[in-house]
Chemist: 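One structure, pasted below without further comment.
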Amino acid sequence: MSFRRRPGQRGLSLMDIVLMQLLLVMVCATPFVISWLNSMHVERSKGALIQATQHARALALRYADPTNGDAPTPSAPVAGIKLLPNAIVLVCRKDPSDSNCREGGSNVEWRADLSRGVGVAVTINQQNEVIFGFDHTGALLAQADFRISKGMEYEAGQLY
């Protein structure tokens, strides 16, 4: 930065002081802005995961009706959720491990994009899972815990 000074001028001008204060505020505010953005991404992803759970539960209840041609068995998933590595959540009819539960597959009923860079971990029986199902009553086949994180921000809880 080059400064033009008049002959005989000493010290800092008002413009120099204002620019230094603005720079100081920006340096101090940057961590807070980044934390706020990370928190926003975590909340958005948590909302998408909970919404996927609600869609899967409704789907399980809808397709649990034996008049739909599917006689439900208590241990088999009627609907489920699949977490893809490219930050996409799929809600599928029937077993989520089925080959038709993929991007553009015939069993996919709903999809959502998670925020990029957000880590999502769903744990069932102390193991990370990317597929979990719902039975004919709309309940999860096994208790599932989740943790969504980005940077220092995270949300943890239990899926119902």
Side-chain angles (χ1 to χ4, degrees), residues 21-160:
Q21 287 178 342
L22 185 60
L23 181 65
L24 182 64
V25 167
M26 287 179 14
V27 166
C28 291
T30 300
F32 296 110
V33 171
I34 290 172
S35 175
W36 176 75
L37 289 172
N38 288 345
S39 177
M40 180 185 66
H41 288 213
V42 167
E43 283 297 321
R44 181 176 177 263
S45 296
K46 177 185 172 190
L49 184 61
I50 290 173
Q51 191 174 6
T53 304
Q54 293 167 346
H55 277 282
R57 179 175 293 113
L59 196 61
L61 292 170
R62 183 176 340 142
Y63 285 100
D65 184 6
T67 60
N68 286 334
D70 296 327
T73 57
S75 63
V78 179
I81 296 174
K82 185 181 241 183
L83 301 172
L84 300 180
N86 55 349
I88 294 176
V89 179
L90 300 177
V91 174
C92 301
R93 281 190 317 269
K94 302 183 182 178
D95 191 350
S97 62
D98 185 279
S99 63
N100 288 324
C101 184
R102 59 179 160 66
E103 191 77 63
S106 61
N107 284 353
V108 175
E109 291 284 330
W110 187 82
R111 75 180 290 283
D113 293 318
L114 300 175
S115 295
R116 298 278 181 211
V118 173
V120 177
V122 175
T123 308
I124 298 175
N125 297 328
Q126 284 78 39
Q127 295 182 8
N128 282 347
E129 296 289 335
V130 294
I131 296 173
F132 44 103
F134 292 80
D135 65 10
H136 66 283
T137 65
L140 276 165
L141 291 175
Q143 177 181 336
D145 300 318
F146 70 89
R147 180 179 169 94
I148 301 171
S149 61
K150 184 170 185 181
M152 297 297 292
E153 304 297 319
Y154 73 93
E155 283 279 339
Q158 204 170 41
L159 295 174
Y160 297 100

Chemist: Quick one: list whatever passes side-chain hydrogen bond (donor to acceptor under 3.5 Å, both in side chains) with Asp95, sequence neighbours left out.
Modeler: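 Testing Asp95 for side-chain hydrogen bond (donor to acceptor under 3.5 Å, both in side chains), a comparison that skips the adjacent residues, returns Ser97.
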Chemist: For residues Asn128 and Val122, determine if any side-chain heavy atom of one lies less than 4.5 Å from a side-chain heavy atom of the other.
Modeler: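 No; the side chains remain at least 4.5 Å from each other.
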Chemist: Any salt bridge (Lys or Arg N to Asp or Glu O under 4.0 Å) pairs touching residues 110-124, not counting sequence neighbours?
Modeler: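 Pairs touching residues 110-124 that pass the test: Glu103-Arg111, Arg111-Asp113.
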Chemist: Salt bridge (charged side-chain N to carboxylate O under 4.0 Å, His left out) with Glu109: which residues, sequence neighbours excluded?
Modeler: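 Partners of Glu109 by the salt bridge (charged side-chain N to carboxylate O under 4.0 Å, His left out) criterion, ordered by chain and then number, come out as Arg93.
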Chemist: May I have all residue pairs that pass ring pair (Phe, Tyr, Trp, His ring centres under 6.0 Å) and include part of residues 91-125, sequence neighbours excluded?
Modeler: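 Listed once each, the pairs are His55-Trp110.
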Chemist: Report the distance from atom CD1 of Ile131 to atom CG of Asp98, rounding to the nearest 0.5 Å.
Modeler: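 One gets 10.0 Å once the value is rounded to the nearest 0.5 Å.
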Chemist: Does His41 have any ring-ring contact (aromatic ring centres under 6.0 Å, His included) partners at least two apart in sequence or in another chain, and if so, which?
Modeler: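 For His41, no residue satisfies ring-ring contact (aromatic ring centres under 6.0 Å, His included) once neighbours in sequence are set aside.
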Chemist: Once rounded to the nearest 0.5 Å, what's the spacing between atom CG of Leu90 and atom CG of Leu83?
Modeler: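 Here the rounded value is 8.5 Å.
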Chemist: If you look at every heavy atom in Ala60 and Gly138, which pair is closest and at what distance?
Modeler: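 Looking at all heavy atoms of both residues, the shortest contact is CB-CA, 4.2 Å.
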Chemist: Filter on salt bridge (Lys or Arg N to Asp or Glu O under 4.0 Å), then keep only pairs touching residues 145-160, sequence neighbours left out; what's left?
Modeler: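 Qualifying pairs: Lys46-Glu155.
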Chemist: Please list all pairs passing the ring pair (Phe, Tyr, Trp, His ring centres under 6.0 Å) test where one or both residues lie in residues 79-98, with sequence neighbours left out.
Modeler: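 Residue pairs with at least one partner in residues 79-98: there are none.
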Chemist: Looking only at non-hydrogen atoms, find the nearest pair between Gly151 and Asn38 and report the distance.
Modeler: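 Looking at all heavy atoms of both residues, the closest pair is CA-ND2, 3.9 Å.
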Chemist: List the residues meeting ring-ring contact (aromatic ring centres under 6.0 Å, His included) with Trp36, not counting sequence neighbours, and say none if there are none.
Modeler: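 None.
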Chemist: Disulfide (SG to SG under 2.5 Å): which pairs involve residues 114-160, sequence neighbours left out?
Modeler: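 Qualifying pairs: none.
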Chemist: With sequence neighbours excluded, what pairs up with Cys101 under the side-chain contact (heavy atoms from CB on, under 4.5 Å) test?
Modeler: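 Per chain and number, Cys101 pairs via side-chain contact (heavy atoms from CB on, under 4.5 Å) with Lys82, Cys92, Pro96.
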Chemist: Can you name the closest pair of heavy atoms from Ala56 and Ile81 and give their distance?
Modeler: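 That would be CB-CG1, 3.9 Å.
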Chemist: Flag the pair Val120 / Val118 as yes when at least one side-chain heavy-atom distance between them is below 4.5 Å, and no otherwise.
Modeler: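 Yes, their side chains come closer than 4.5 Å.
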Chemist: Quick one: pull up CZ in Phe134 and CG in Leu140 and give me the separation to the nearest 0.5 Å.
Modeler: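 Phe134 CZ to Leu140 CG: 4.0 Å, rounded to 0.5 Å.
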Chemist: Among residues at least two apart in sequence or on other chains, which ones pass side-chain hydrogen bond (donor to acceptor under 3.5 Å, both in side chains) with Thr53?
Modeler: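 side-chain hydrogen bond (donor to acceptor under 3.5 Å, both in side chains) check on Thr53 returns nothing, list empty.
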Chemist: Test: salt bridge (Lys or Arg N to Asp or Glu O under 4.0 Å). Region: residues 26-41. Which pairs qualify, not counting sequence neighbours?
Modeler: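 Qualifying pairs: none.
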Chemist: Side chains of Asp135 and Val78: does their closest heavy-atom pair fall under 4.5 Å?
Modeler: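 In short, these two side chains do not touch, never coming nearer than 4.5 Å.
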Chemist: Would you find a donor on one side and an acceptor on the other, under 3.5 Å apart, between the side chain of Ser106 and the backbone of Asn100?
Modeler: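 No; zero donor-acceptor contacts below 3.5 Å.
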Chemist: Tell me the closest heavy-atom pair linking Phe132 and Leu49, and the distance in Å.
Modeler: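 Of all heavy-atom pairs spanning Phe132 and Leu49, the closest is CZ-CD1, 4.5 Å.
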Chemist: Tell me whether Ser39 contacts the main-chain N or O of Ser35 through its side chain, where contact means a donor paired with an acceptor under 3.5 Å.
Modeler: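 It does not hold such a pair.
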Chemist: So do Ile88 and Leu114 actually touch side chain to side chain, heavy atoms under 4.5 Å?
Modeler: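 Not in contact.
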